[in-house]
Asks: 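This is the structure I want to talk about, given as structure tokens.
We use all heavy atoms of the structure for the numbers below, so side chains are in, but hydrogens, waters and symmetry mates are not. Order of the sequence lines sets the chain letters (A, B, ...), proteins ahead of strands, with each chain counted from 1.
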Protein chains: 2
Amino acid sequence: MPRPSLAAVTAAPPETTLGIRQVSEETGLSIDTLRWYEREGLLPLVERTAGGQRRYPPAALRFIRLVQALRRTGMPVADVRRFIELGGGELANHPERMALLEQQCAQIEQRLAELQDDLAVVRAKIATYRHLIARGLDCEDDLSEELVDQLRTDELLAGTLLDLQR
Amino acid sequence: MPRPSLAAVTAAPPETTLGIRQVSEETGLSIDTLRWYEREGLLPLVERTAGGQRRYPPAALRFIRLVQALRRTGMPVADVRRFIELGGGELANHPERMALLEQQCAQIEQRLAELQDDLAVVRAKIATYRHLIARGLDCEDDLSEELVDQLRTDELLAGTLLDLQR
DNA sequence: CTAGGAGCTGGAGTGCACTCCAGCGCAAGC
DNA sequence: GCTTGCGCTGGAGTGCACTCCAGCTCCTAG
């Protein structure tokens, strides 16, 4: 499966340049979103046909994936834009761009930890229901204090919380 | 450190019932959000003083933590409400509630995996910058195809991507 | 008893990230 | 050559989750 020569790629884009529909399908971003991102300055590298239709070369595709990663991990659109505005790949900007990414990295890690904690909370709650059902008990939230405490204790003893904490 | 007797708790709430400000500080939810959640039916178990001020017994606090976990893990407010509307702790509703939580659990796991992937993408990008800086190279996004491919290859060879993939 | 701060309510306002639409042009199959 | 459909643009609209506000009451310290 020989990759088309680089000359060919830059000179006369082969079928590796995708139309907006294909990109939408490949990335999961809606067509409207792709257009909107571009207007908002999040997507450089998008080319046009003579007729004005968008064409996405592989580099644009890769870029979109990065933008998706940043957006999904909670970076606001405005911040992604600032990241992108940080120059056309000049060496001088690399440290700053890297710093931004590292900051984002840290946030992702934090978010990851939080998610895991929250997952533990939800799992613990599921365990509570399992107990209640097993014992044929009513109540749970607006339940008497003793029961809650009882169950919390049960869970702790069973290691439910601890096991799932991380 | 003897916990106040259960009778005492239910009969004459001691200082373990918190005011809205304390709850806000403890949970990180804004006062407005606490009031709004309550209006929206996400927070049962909140009591009132004679003067109409909110009082949060420990059970309410615990409930808030669950709601927070659900919200932070991406459950829409409307869904949290539906979960809560599912009856006042009657046994019959437990399976349904549990099912909802299990569904949420699955989504959290999916989100976790996605986050980890996205983290890998960002880290890979950081590695790219590190390479570029180390070699004193410009360009990066709008860079020539060769360079990207070169770097991608480098990263793969260096195991940067693979190491971080999971 | 009074002054200042915290809380209350209902409702309006905000910010973000899309999403939809009208009105148009290009393009390809019949 | 004409229809059918995709794509384009600028701008308006939407949904969600808060956030702010006016105008009031309540509570506490002096």
Asks: B:Arg71 near the nucleic acid: base, sugar-phosphate alone, or nothing, with a heavy-atom cut-off under 4.0 Å?
Replies: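 B:Arg71: backbone/sugar contact only, no base atoms under 4.0 Å.
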Asks: Both A:Ala78 and B:Ile31 contact DNA chain C. Which one's nearest nucleotide lies toward the 5' end?
Replies: B:Ile31
Asks: Using a cut-off of 4.0 Å on non-hydrogen atoms, how would the nucleic acid contact of A:Arg21 be classed: base, sugar-phosphate, or nothing?
Replies: sugar-phosphate
Asks: Would you say a side-chain N or O of A:Arg35 is under 4.0 Å from OP1 or OP2 of D:dC8?
Replies: yes
Asks: Looking at every strand, decide which applies to B:Thr49 at a 4.0 Å heavy-atom threshold: base, sugar-phosphate, or nothing.
Replies: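 Nothing, no heavy atom under 4.0 Å.
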Asks: Any salt bridge between A:Arg48 and A:Glu38, counting N to O under 4.0 Å?
Replies: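 The answer is yes: the pair qualifies as a salt bridge.
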Asks: With a cut-off of less than 4.0 Å, is there a side-chain N or O of B:Arg48 near OP1 or OP2 of C:dT9?
Replies: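 Yes, because at least one side-chain N or O of B:Arg48 sits under 4.0 Å from OP1 or OP2 of C:dT9.
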Asks: Checking only heavy atoms, does the side chain of A:Arg54 share a donor-acceptor pair with the base of D:dG7 at less than 3.5 Å?
Replies: no
Asks: B:Arg39 has an atom CZ; how far is it from atom C1' of D:dC20, in whole Å?
Replies: 11 Å
Asks: Name the residue closer to the 5' end of DNA chain D, choosing between B:Thr33 and A:Gly19 according to the nucleotide with the nearest heavy atom.
Replies: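 It is A:Gly19 whose nearest nucleotide is closer to the 5' end.
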Asks: Taking A:Glu114 first and then A:Arg111, would you say they form a salt bridge - that is, a charged N and a carboxylate O separated by under 4.0 Å?
Replies: yes
Asks: Looking at C:dC18, D:dT9, D:dT19, which one has an atom nearest to any side-chain atom of A:Trp36?
Replies: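 The listed nucleotide nearest to A:Trp36's side chain is C:dC18.
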Asks: Let me know, please, whether B:Met75 or B:Ala50 comes out on the 5' side of the other along DNA chain D by nearest nucleotide.
Replies: B:Met75
Asks: Does this structure show an ion pair linking A:Arg123 with B:Glu109, if we count only N-O contacts that are shorter than 4.0 Å?
Replies: yes
Asks: Rounded to whole Å, how long is the line connecting atom CD1 of B:Ile20 with atom P of C:dG7?
Replies: 7 Å
